[in-house]
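So the structure is just underneath, and the comments pick up after that.
Numbers restart at 1 for each chain; the letters A, B, ... are given by sequence-line order, proteins then strands.
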Amino acid sequence: MNYIFGMGIFFILMALGSGLHILNLLKTYKKVQKITEGDVQMGEVIKKISRNHGPNFTAFAITSWILLITAFVHFYFFAPVDLPKGVTYFRFISLMPSFLEISGFGIFMLVLFGIIAALFIRKHWLYSFYPVSNRMKRYIALTVPMLLVSIIISIVLGIWYSSTLDSEIEFWIEILRPVALALLLVSEGILIWPVIAGFKEGAT
Amino acid sequence: MNLNKLISLTLAYALFISAICMVGSSQDDDYVTHSELRAVTEYLEGEIDVLETEINNITEGLSLDDIKHGLMEDYDFEEWVRTNIPEEYTNPTISLSVDNTEIYRGQMMEITTNVVNRNDIRSTLMLTLEIRIPGNEAYDLINAPPKWVSPNSYDNQDRSEVKWTNLKPFSDVMSMGELSMRVRVDDPYVTDPYYSNVVGLNLIDNDPRIISKELECVGSEDDSATHRQNTKFKLEVADDDGDDLEVTLCITENGTDLERNFTEYVPVRNGATSEVIFSNRDYGIFKEEDAGKNFTHIYMVSDGLKTVDTGELNGPTIKKPPQIWTGNYRRGLEDEDVNYFWWGKYNFSMKVENPDVTDLKVRLQVSKPGIKPRNDTDWRTLGEKSVEPEEDKMQNVYFVIDEPFNPEYCGTNFYYRFTYTAPDQHGNEFSNTTKGYLIDDRVIRSDVESWTAIFNILLIVLMSLLGGFVIERGSYR
Amino acid sequence: MKVCVVGIGGCGGAVAECFLQNQDILGGYLPNKLHCAGGYYKSFGNIRGLWIEAAKTDAISQKFFGPLGNGCYPGYIIPKDAIIKDESLYGNIRQKYGFDVLGEGFFSKAEPLKAINEIFDIENELGQNPMMNYAWSSIQQYTTLSSNLSQGKDSSLCDSMLFVISLGGGTGTGFINPVTKKIREKAQFPVFVLGILTEGGKDQRHVSEDQRSLSATISMYDLITKRRGGEAISGLILVDNQILTERFQGDYHKIDNYIFEIMRPFLESREYPKKHLDPLHLDGNLWKDLKHPAILVPCHCADNNDDASHLVRCALENPLFNCNPAKADRAYIFARGFVNPEGLRDALHNEIKVSKDHIGVYPKPGDGINEILILLRNPYGGNIGAQNDSKSFERRIYDLISRASNYITSSKVDIILDSYPEITRNALENYFYGDSGLLKMLEVSRDRIAKGEKPGEEPFFSQELKIFEENEPIEVFVQTSGSEDEKIRSIVKQEVEKALRGTG
């Protein structure tokens, strides 16, 4: 079964989260303008009303976002299951030494997205804008193992992809692929939930 | 038995039966009404009854043998002719005409003969064409079928037209120039044949044509080859007369008068182009002693009447004999693994005997992934080895290549060959393209249940966990 | 404004635990010291704090606070640990005064710690009170008054203080005033006390209500009678545990969490642009027209509705200490969320008729819900016989004072133990039963309450008392029919005499 539709859901959720976050920012800015009787900059507002959720949660959240993109890329671009070989890692796998060929793709993605995160994530990033309950923080932290499992499943399926398979392995492939996608999309939903909740509650 | 009457009645009977059939078939004809058809049918049936009665009267009491005997014994044609020639009989007038008086030998003609026969009783005439070629005095039959003019083929003006169409009556004539043609008529009512008017024709011959010529030296761009190589002399010829052509290749060694001639007979069909190939392999044109010599060649084409030629052409040059002998090409897997994965060590080997060559280099090439190689650009070089000459000794040249392939080969066959810097016993500087194994589909080298896989997965887990914390400690604060 | 929360005693520690809960995840699973290798403890409003406990057994029996001396955070200190166990020195004290400086906690008695503090003041050979020094140094590190200059400029340090105590618990307020004095030596620094007034009946330790009332009274007395500029705190936020016990059916955990919830607007450190809450400004506002620390009654409301009138009405219907909000002379509104500050001011003015100029509004960002904390300043006085109204502030205080007086009167043998040496017995006799003693003062207080005296002039507790020092005669503020000059002369004389004595 082709899981390309999952790509669409992923991007829709991302767009939804991004759009709602911008709306939240604008809504909050307007409300703050009323309280401060105008003449404030958006940046100043964000800086002032941002909250610190704690170093552990922040670290987990940053890890989660990096892993989310990495898991998405692994699901579709590690092995040519849904996409042609030319756009997947399998095209470049011979460049990796054999002891790193499984993790090479993941390491590259982690480093790449880690650098991007390091460059763009600042003190007043996504979650500092929203109230996140302790329960929600735990759920967000849980997305780290969920996404790691999704990545591991994608890697295992990639190893199995080109091998000679018996019926038992084919059975597991049929089970595991949707599980990996489900973990990916559920994690994404959890990660953007504070934005959605913030929108429902009228931003911060 | 009145044979004449029997024959006439029989013929009439056949005619009426045919008429009945025609009427029956015209029932579907929209132009004929049903009542008209019925009237004609009734008339014909009546006549048929009369004829059947008369035939029965004649043949009553006769057996078939009697009838045959009677036919044979009674049948005397000359007697018949004598007894049946009409008293007043004028020879029909035969006039011959052609569509063109200047013709080529192979040219298609249409010959028309008009016969005017005003006799009441007509005989069946047999018409044949005769020509008198230049230099001959007598007329000869030409290659054309006789035509028959039956007594009932005349129109109401006593004319009958006979045509010979799609005729090439002069394709076998070898003398060109003015010739005469007439129609000979054999008339059973006339003892001697009589003739039509004579038509004069001018017979012209088409020269054979050389369309193209080519000297093909295998593996060479400068018209040189070894004596063993299958050098080919190619010629395209045509003759508009459709004459069979005789093609001769004449090869002359430079600086000598020594000629070698080879002849091919080429049937030319309908004037189409024909290709003639003189190959070294088929004709054994060159020998070992020809090595190092230059040759010229010339083609001559004749249709029996005329001969044309290409003029002297350069080539070929026969190269020195091969210097190395190669063979015994092998490939295998260095490891004991029976699966042909894209990784792993593969070995390729060949044997070389090279008595005269120094600094012989042998290269191993494999095809690019997924391609059946046809050009030099379809190959990748995996390695090169130098081979030093050892007199009269076969040497093994081994290539052990680690990971000669990449994942793009997965699921495809590869091809391999060896190339060398001197010609081999076949005169080639490369071996035959040989098909290799089918490379397994598997891309990733490690198994799921392996320490490598576990290590890699743990690496990802640790890096991801550390990454977030490092970023939080660093850039976030 | 960033608050440093100091919980004192069992109740203070429990409430401080709620305030200082780690907002981060995995805080409980990772060692306090490490916090993910360079991490930090994250409490609500970026507040910092610690717990001061007298009883070691109570301190080590819980898991939230760790020994501050071991680098734990949040940490606790046991002030007596600062005292070097010099038997020769402290044995003399025990022999002379009958108080064991190194003994265990004080179990619902406020006067032992008060006495010990005074002994350190009297006996020069003891030097500075090590317990107070230890307490102050433990607290100071979290504040902008830290001796480390670089830390002093650190925005993560606290610029105000909130002591959380049980009024009626044993540890009492003995630490607060000395620490406040230390603070005042360095800077004008707002110091609040969140006092949770003991509920009726016997408590968990089966201490009688009268005894706890006395302890509460002494605690409040020592806080409110200080004058501005010396050891005086900025304000005493009163919460009646009786109300909370009834509301939450005695579930102390829920009570503690509720107290944290209502204090969130106060503790929130984020601010809107151009709405900076200057602690000094707040401190100044609290002292406006007062000579003694303000009594602040908290009223809280949280709602999704951002209508100011609704929030104010809801809050005033929910005071955490019985009172008539209209009697407040000033009010301070701490708001979280997107509530219009001017709307709040107008609404409160409309409700309790306090002048808009006397209403301070401090808006702060919220967490998706709108909530306000109104602190009503001194909502009592102005009408005679208010103590007869069961729902009045006066009634609660009047009852408290009455019970304390009853206990003093009826339990002299429990107050002045026979085991005490004579000097202590005499001092306690004088402190409690003297002409200027506590019993007398409590009687005066009840009179003031009954007469409806407004706190602007003198609160119901006004004259400071000491155990081992000679106390001044009772100062009765008598509104004479004399001239204004006489009145002024009398006041000036009292003030000059106090200043010459070097109070605080």
Side-chain angles (χ1 to χ4, degrees), chain A residues 52 55-67 70 74 79-80 85-86 88-95 98-107 109-111 113-115 117-123 125 128 144-145 147-148 151-152 155-164 169, chain B residues 335 337-346 366 368-370 380 382 401-412 414 438-477:
Chain A
N52 185 347
N56 296 350
F57 168 75
T58 303
F60 271 104
I62 293 173
T63 303
S64 279
W65 277 99
I66 295 172
L67 282 177
T70 306
H74 268 80
K85 197 175 183 179
T88 65
Y89 170 57
F90 276 19
R91 188 179 164 197
F92 306 101
I93 199 167
S94 58
L95 298 174
S98 62
F99 68 95
L100 274 184
E101 67 178 351
I102 291 175
S103 61
F105 188 55
I107 290 172
M109 290 299 157
L110 284 172
V111 169
F113 297 129
I115 290 171
L119 287 173
F120 290 102
I121 288 179
R122 287 288 172 260
K123 202 166 182 183
W125 78 306
S128 64
V144 170
L147 290 166
L148 282 171
I151 291 172
I152 291 168
I155 289 173
V156 168
L157 292 178
I159 295 172
W160 284 344
Y161 165 75
S162 53
S163 306
T164 307
I169 290 181
Chain B
D335 304 321
D337 200 334
V338 296
N339 290 317
Y340 300 108
F341 297 121
W342 67 268
W343 64 91
K345 278 195 185 143
Y346 284 79
V366 292
K368 288 181 179 170
R380 298 168 43 222
L382 293 183
I401 310 288
D402 198 3
E403 286 188 16
F405 309 110
N406 58 48
E408 288 183 50
Y409 283 88
C410 291
T412 68
F414 71 93
L438 178 66
I439 301 296
D440 197 274
D441 279 321
R442 184 162 160 177
V443 175
I444 294 183
R445 286 164 272 198
S446 310
D447 281 325
V448 172
E449 304 107 5
S450 65
W451 286 112
T452 307
I454 293 170
F455 164 73
N456 276 259
I457 288 169
L458 278 175
L459 195 59
I460 290 179
V461 170
L462 284 170
M463 276 191 67
S464 59
L465 290 173
L466 277 174
F469 285 88
V470 166
I471 292 170
E472 195 276 331
R473 295 291 177 269
S475 69
Y476 182 75
R477 304 230 193 132

Counting heavy-atom pairs under 4.5 Å with chain B, which one of A:Ile151, A:Leu147, A:Leu100 comes out on top?
A:Leu100

Side chain from CB out, backbone as N, CA, C, O: work out which of these in B:Trp342 comes under 4.5 Å of a heavy atom of chain A, or both, or neither.
side chain

Search all heavy atoms of A:Ser94 against all heavy atoms of B:Pro407 and return the closest pair with its distance.
CB-CD, 3.4 Å

Smallest separation among heavy atoms of A:Gly104 and B:Asn456, with atom names
N-OD1, 4.5 Å

Against chain B, work out which of A:Ile152, A:Thr70, A:Ile107 has the most heavy-atom pairs shorter than 4.5 Å and name it.
A:Ile107

Structural part of B:Leu458 lying under 4.5 Å from a heavy atom of chain A:
neither

For the candidates B:Asp447, B:Leu465, B:Val448, which exhibits the highest count of non-hydrogen atom pairs separated by less than 4.5 Å from chain A?
B:Val448

Do the ring planes of B:Phe414 and B:Phe405 sit parallel (below 30°), tilted (30 to 60°) or perpendicular (above 60°)?
tilted

Region of B:Phe455 in contact with chain A, defined by heavy-atom distances below 4.5 Å:
side chain

Using non-hydrogen atoms only, which part of A:Val144 is less than 4.5 Å away from chain B: side chain, backbone, both, or neither?
side chain

Which pair of heavy atoms, one from B:Ile444 and one from B:Arg442, lies closest together, and at what distance?
O-NE, 2.9 Å

What pair of heavy atoms forms the shortest contact from A:Leu148 to B:Ser464, and how long is it?
CD2-OG, 3.6 Å

Side chain, backbone, both or neither: which part of B:Leu459 has an atom under 4.5 Å from a heavy atom of chain A?
side chain

Between atom CG of B:Asn406 and atom NZ of B:Lys368, what is the distance when rounded to the nearest 0.5 Å?
11.5 Å

Which atoms form the tightest heavy-atom contact between B:Leu438 and B:Tyr340, and what is the distance?
O-CB, 3.8 Å

Measure distances from A:Ile102 to the heavy atoms of chain B and classify the residue's part below 4.5 Å as side chain, backbone, both or neither.
both

